[in-house]
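What follows is a short report on a single structure.
Hydrogens, waters and symmetry mates are skipped; everything else that's a heavy atom, side chains included, is used. This structure is a prediction, so every number in the text was calculated from the model and none was measured.
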Amino acid sequence: MLDCVELQTTEHPNATVIVLHGLGADGYDFVPIVKEFESLGAPRARYVFPHAPQMPVTINNGYVMRAWYDILGSDLVRREDERGLRQSQAAVEALIEREVARGVPRRRIVLTGFSQGGAITLQVGLRQPEPLAGLIVLSSYLPLSATLAAELMPAAKGTPIFMAHGTQDPVVPLERGTQSRDQLQHLGLPVEWHDYPMAHSVCGEEVEAIAAFLKRVLG
């Protein structure tokens with residue numbers, strides 16, 4: 001089981017938001033956003049912030065850092081670490097199962113991720129046998145896109161997807177995000193798209209939109 005940071009905004013949560021950080025960060029990276037969500041009226045929930053495992057990352061000259069999978073090249077897609085992606089998929093699925101064992105139904109679980117964490121959010125969320133409450137994908141892209149049509153679970157078509165991206169993102173170009181959005185929509189998935197005049201980051205307007213999405217899918 002992945003090590004996690006946890007916060008609860010109520011004593012007996014009946015909903016869970018799992019938040020996956022980006023490359024080189026850790027579970028603490030998005031902890032402050034919980035107070036912002038609370039101030040915006042997001043539903044009370046348990047927030048789970050797992051730490052990705054430590055591994056050498058090829059694009060960073062083999063430097064060891066927290067990563068959900070290896071990045072083999074700057075194009076992100078042409079050469080993918082399929083083994084690493086599927087290992088992290090299994091690890092996050094174990095977190096979902098733990099929440100179910102704690103009494104939170106799958107339809108009350110939101111999976112969220114930034115950058116690499118967003119890629120894992122799609123990798124996991126689109127392959128679940130039962131629909132989750134929603135997927136939130138920030139500044140990210142669809143991994144293993146060539147296998148999705150064969151692996152897509154019917155339940156995913158009932159899972160709302162929130163995608164947001166910076167128009168000036170130098171890390172995951174906007175085009176990569178829009179291509180992912182278009183492929184998901186072509187497969188019949190309900191994608192809510194937002195873009196903002198920012199780089200590879202999160203902005204206040206985006207946080208407000210995420211809080212509104214949480215209200216809708218968990219309200």
Side-chain angles (χ1 to χ4, degrees), residues 1-53 65-68 88 91-92 95-96 98-122 124-125 132-140 159-169 171-172 177 192-219:
M1 190 69 66
L2 293 166
D3 289 334
C4 302
V5 180
E6 290 192 6
L7 286 178
Q8 293 186 182
T9 58
T10 182
E11 187 176 354
H12 301 292
N14 66 355
T16 298
V17 181
I18 300 173
V19 185
L20 308 178
H21 62 76
L23 177 66
D26 61 25
Y28 291 102
D29 197 37
F30 277 92
V31 168
I33 209 168
V34 175
K35 286 188 177 180
E36 295 186 59
F37 288 159
E38 277 193 287
S39 71
L40 293 165
R44 298 187 182 278
R46 175 187 296 118
Y47 288 83
V48 178
F49 303 90
H51 302 297
M65 60 182 65
R66 291 197 181 277
W68 296 107
S88 284
V92 174
L95 290 180
I96 292 172
R98 185 178 68 173
E99 292 308 303
V100 172
R102 287 166 143 180
V104 180
R106 288 174 178 271
R107 286 187 177 274
R108 301 284 296 164
I109 298 174
V110 175
L111 190 56
T112 307
F114 175 80
S115 196
Q116 260 204 347
I120 295 297
T121 292
L122 289 173
V124 174
L132 301 176
L135 308 178
I136 299 174
V137 182
L138 309 176
S139 303
S140 193
T159 302
I161 303 171
F162 177 104
M163 295 184 74
H165 216 105
T167 57
Q168 301 154 24
D169 192 331
V171 178
V172 182
E192 174 185 332
W193 174 264
H194 301 258
D195 54 58
Y196 303 96
M198 64 179 183
H200 195 62
S201 59
V202 176
C203 66
E205 187 180 352
E206 182 180 15
V207 172
E208 291 177 7
I210 295 168
F213 179 80
L214 290 173
K215 288 181 194 177
R216 189 163 69 254
V217 301
L218 295 177

Report task. List for me each residue that meets side-chain contact (heavy atoms from CB on, under 4.5 Å) alongside Ala52, sequence neighbours excluded, and say none if there are none. Result ->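 Ala52 satisfies side-chain contact (heavy atoms from CB on, under 4.5 Å) with His21, Arg66, Trp68 only.
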
Report task. Apply side-chain contact (heavy atoms from CB on, under 4.5 Å) to Ala45 and list each qualifying residue two or more places apart in sequence or on a separate chain. Result ->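 Per chain and number, Ala45 pairs via side-chain contact (heavy atoms from CB on, under 4.5 Å) with Ala15, Val17, Tyr47.
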
Query - Thr9-Glu38 side chain donor-acceptor pair, cut-off 3.5 Å - result: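 Result is no, nothing qualifies.
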
Which heavy-atom pair separates [X] from [Y] by the least distance, and what is that distance?
X: Val217; Y: Ala133; value: CB-O, 3.5 Å
X: Ala67; Y: Leu23; value: CB-CD1, 3.5 Å
X: Pro32; Y: Asp29; value: CD-O, 3.8 Å
X: Gly27; Y: Val5; value: C-CG2, 4.4 Å
X: Ile18; Y: Pro50; value: CG2-CD, 4.2 Å

**Report entry** Test side-chain contact (heavy atoms from CB on, under 4.5 Å) applied to Ile33 and Val207, step by step
**Finding:** CA-CA 8 Å; Ile33 209 168; Val207 172; 3.9 Å; yes

Whether [X] side chain and [Y] backbone form a donor-acceptor pair below 3.5 Å:
X: Arg108; Y: Leu218; result: yes
X: His165; Y: Val172; result: yes
X: Ser139; Y: Phe114; result: no
X: Ser39; Y: Glu36; result: yes

Straight-line distance of [X] [atom1] to [Y] [atom2], nearest 0.5 Å:
X: Thr121; Y: Gln116; atom1: OG1; atom2: CD; result: 11.5 Å
X: Thr16; Y: Leu111; atom1: OG1; atom2: CG; result: 11.0 Å
X: Phe37; Y: Ile210; atom1: CZ; atom2: CD1; result: 4.5 Å
X: Leu2; Y: His51; atom1: CG; atom2: NE2; result: 9.5 Å

Requested in this report: Using a strict 4.0 Å threshold on nitrogen-to-oxygen distance, state whether Glu99 and Arg107 make a salt bridge.
Outcome: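 Judged by the 4.0 Å cut-off on N to carboxylate O distance, Glu99 and Arg107 do not form a salt bridge.
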
With a 4.5 Å heavy-atom cut-off, do [X] and [Y] have their side chains touching?
X: Arg98; Y: Val48; result: yes
X: Leu135; Y: Phe162; result: no
X: Met198; Y: Thr167; result: no
X: Thr112; Y: Leu20; result: no
X: Val110; Y: Leu132; result: no

Requested in this report: Keeping to residues at least two apart or across chains, list the side chain to side chain donor-acceptor pair (under 3.5 Å) pairs with something in residues 196-217.
Outcome: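 Listed by first then second residue: Ser115-His200, Asp169-His200, Glu192-Arg216, His194-Tyr196.
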
**Report entry** Check: Phe30 ring centre within less than 6.0 Å of Phe49 ring centre
**Finding:**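 So the answer is no for these two rings.
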
**Report entry** side-chain contact (heavy atoms from CB on, under 4.5 Å) assessment of Arg46 paired with Leu7
**Finding:** CA-CA 6 Å; Arg46 175 187 296 118; Leu7 286 178; over 6 Å; no

Report task. For side-chain contact (heavy atoms from CB on, under 4.5 Å), just list the numbers for Leu214 and Ile136, CA-CA rounded to whole Å, side-chain angles, deciding distance to a tenth of an Å, and then say yes or no. Result -> CA-CA 9 Å; Leu214 290 173; Ile136 299 174; 4.0 Å; yes

